[in-house]
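I have placed the structure first, in the form of structure tokens, so that the comments after it can refer back to it.
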Amino acid sequence: MSPKKKVPESVRFTYGRQSWSYPVLTGTEGEKAVDITELRRDTGLVTLDPGFVNSGACLSDITFIDGEKGVLRHRGYAIEDLAEHCVFLEVAYLLIMGKLPDRKEWQSFSDLMNRHSMIHEDMRDFFLNYPEQAHPMAVLSAMVVSLSSFYPEIEQEDLKEPIDITVTRLLSKLRTIAAFSYKKSIGEPFVYPSRRLTYCENFLNMMFSSPVNDYWPDPVVVRALNLFLILHADHEQNCSTSVVRFVGSAGSSLYASIAAGICALWGPLHGGANQAVTEMLERILREDGGKVDRVIDRAKKKDPRARLMGFGHRIYKTYDPRARIAKETCMKLLARLGMQNDPVLQLAVELEEKALAEPYFQERALYPNVDFYTGIAYRAMGIPANMFTVLFALGRLPGWIAHWLENRRDPVQKIGRPRQVYNGPALRPFVPMDQR
Ligand code: ACO
């Protein structure tokens with residue numbers, strides 16, 4: 001007897017007297033999705049899904065998340081393994097190229113990164129015209145889009161080789177732009193990148209050394225920074241990554257798409273949460289005398305302004321695996337810096353403990369996310385709060401690039417263009433101005 005053929009799964013859709021069948025796709029890890037590509041053509045209906053809570057936008061090979069089990073993998077590798085064994089740039093290479101680099105590939109990638117780390121001298125002048133209080137995220141996005149006017153040839157590159165000049169230029173220069181925007185905000189001279197330093201050492205050196213301050217990055221701080229950037233490197237179709245893919249789908253350049261992603265990341269419900277967490281903790285110490293019960297009670301009343309920042313996640317309905325690593329790293333870092341009694345850290349630990357014991361948070365599966373502890377660690381490194389989201393952007397950049405490239409090469413993708421259900425006034429007669 002011949003083996004039974006597996007019947008492909010499908011979903012039957014009935015509307016009026018007709019019904020149609022749509023195929024069910026299964027991902028590598030068993031995730032299922034119904035493919036409704038033909039739905040509107042067949043039925044005349046569109047789907048309505050505010051916030052895309054139920055909608056997949058693409059097939060992707062880059063990152064797998066199981067939000068129920070707290071699993072995060074990049075190109076098949078567990079985040080825990082990558083965090084333990086890699087530096088940030090190895091993970092960047094993995095995301096963009098789909099494989100971890102061997103020694104030779106690593107060497108040529110590092111050489112390219114060094115070669116492209118400086119920004120055009122004329123771009124320095126741009127920094128001088130921002131007001132001192134300008135948020136570094138505004139500067140970052142504007143500078144990234146400006147790169148396209150200094151390097152116009154990127155428009156013509158077909159990006160067949162992902163680790164090409166355009167990609168390394170952006171990876172390397174974003175770090176320089178980030179550090180320059182900080183130096184500008186404190187009125188100190190810019191520090192140039194050095195080929196003797198690694199990616200993270202270079203960033204810290206550009207941030208903290210000055211003509212009157214010889215700075216040598218502490219290896220524990222360098223390791224922690226590598227780790228935080230790895231934890232942020234990609235998170236599949238999150239808000240900013242979807243923006244990058246969307247802008248890229250219109251045929252816009254890599255730089256224009258990433259600049260848009262930076263703006264999306266800036267929001268306090270997304271990457272801006274790391275800044276919002278430390279501001280919230282400092283406010284609790286200042287205004288509530290460190291009394292977390294009051295703060296938890298306010299959060300439970302569901303006033304959006306009283307949400308516990310750094311808590312909750314659209315995908316994770318258990319402890320965010322990145323938050324676990326971030327917490328451990330934050331604790332080790334602060335101990336190493338002699339700051340284990342930091343009142344902000346102690347408050348964060350107490351707040352987490354008490355919130356997790358509350359039925360409100362348990363019933364809604366609200367756990368600390370990656371942003372809950374990272375800001376506390378950055379603060380201990382001496383990084384000011386308005387730079388926290390910039391660090392998130394540095395970390396997320398390889399993910400954005402990988403998704404932009406994947407989208408560009410996907411033959412199925414079209415320009416991103418959702419539908420809507422119009423709910424405004426029906427046709428009405430036009431009234432001239434003097435009769436209104
Ligand atoms: N504090 C208190 N209540 C919360 C919180 C929170 N931080 N987050 C969600 N809730 C409640 C909501 O009021 C809602 O309650 P209900 O079901 O009784 O109406 C329920 O939990 C579900 O919340 P939604 O807003 O529907 O969840 P969504 O998936 O849309 O939002 C988000 C996820 C934006 C992360 C949200 O949890 C939040 O605002 N968290 C605080 C901001 C934050 O930390 N953002 C960083 C996210 S991670 C990242 O981008 C890297």
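Just so it is clear, the values below take in all heavy atoms, side chains as well, and ignore hydrogens, waters and symmetry mates. Remember, it's 1-based here, ligands and their atoms both numbered in the order they're listed. The chain is numbered in sequence order, starting from 1.
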[atom]: nearest protein contact (heavy atom, Å):
atom                    : value
atom 34 (C) of ligand 1 : L269 O, 4.1 Å
atom 4 (C) of ligand 1  : L366 CD1, 3.5 Å
atom 24 (P) of ligand 1 : R307 NH2, 4.1 Å
atom 35 (C) of ligand 1 : G312 O, 3.6 Å
atom 16 (P) of ligand 1 : K302 NZ, 3.2 Å
atom 50 (O) of ligand 1 : H270 ND1, 3.0 Å
atom 48 (S) of ligand 1 : H313 CD2, 3.6 Å

Can you list the ligand 1 atoms lying under 4.0 Å from a non-hydrogen atom of [X]?
X    : answer
F392 : 51 (C)
G310 : 43 (C), 44 (O)
A273 : 43 (C), 44 (O), 45 (N), 46 (C)
R314 : 28 (P), 29 (O), 30 (O), 33 (C)
L308 : 1 (N), 6 (C), 7 (N), 41 (C)

Inset, instruction - For the pair F150 and F126, evaluate ring-ring contact (aromatic ring centres under 6.0 Å, His included) and give the outcome as yes or no after the intermediate values. - result: CA-CA 12 Å; F150 281 85; F126 287 15; 5.6 Å; yes
Legend entry - Test: E68 and K317 ion pair at under 4.0 Å: no
Legend entry - Partners meeting side chain to side chain donor-acceptor pair (under 3.5 Å) with S257 (sequence neighbours left out): W404
Legend entry - Side-chain donor-acceptor pair present, Y373, E352, cut-off under 3.5 Å: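 There is such a pair between these side chains.
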Inset, instruction - Using only heavy-atom distances, determine whether the side chains of T241 and H235 contain a donor-acceptor pair under 3.5 Å. - result: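 No, no side-chain donor-acceptor contact under 3.5 Å.
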Residue portion contacting ligand 1 (non-hydrogen atoms closer than 4.0 Å) for [X]:
X    : value
D371 : side chain
Y360 : side chain
N369 : side chain
R364 : side chain

Inset, instruction - Identify the two heavy atoms, one from M387 and one from M207, that lie closest to each other, and give their separation to 0.1 Å. - result: CE-SD, 3.9 Å
Under 3.5 Å, side-chain donor or acceptor atoms of residues 284-296 against the rest of the protein: list the pairs with distances, not counting sequence neighbours.
{"from": "D288", "atom 1": "OD1", "to": "R294", "atom 2": "NH1", "distance (Å)": "3.4"}
{"from": "D288", "atom 1": "OD2", "to": "R298", "atom 2": "NH2", "distance (Å)": "3.1"}

Legend entry - Under 3.5 Å: N/O of V370 near N/O of ligand 1: no
Legend entry - Within-cut-off N or O pair, R322 and ligand 1, under 3.5 Å: no
Legend entry - Any donor-acceptor pair under 3.5 Å from T389 side chain to F392 backbone: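 A pair under 3.5 Å: no.
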Inset, instruction - Tell me, please, whether F361 has R364 positioned over its six-membered ring: NZ or CZ under 6.0 Å from the ring centre and within 45 degrees of its axis? - result: no
Inset, instruction - Establish, for the pair R73 and F64, whether the NZ or CZ atom is under 6.0 angstrom from the six-membered ring centre and no further than 45 degrees off its axis. - result: no
Please indicate, with yes or no, if any protein heavy atom is found under 4.0 Å from [atom]?
atom                    : answer
atom 41 (C) of ligand 1 : yes
atom 45 (N) of ligand 1 : yes
atom 7 (N) of ligand 1  : yes

Inset, instruction - Return the orientation label for the Y215 and F208 ring planes: parallel under 30°, perpendicular over 60°, tilted otherwise. - result: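 Plane angle between 30° and 60°, so tilted.
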Legend entry - Verdict with reasoning, F372 to Y367, per ring-ring contact (aromatic ring centres under 6.0 Å, His included): CA-CA 10 Å; F372 196 65; Y367 294 85; over 10 Å; no
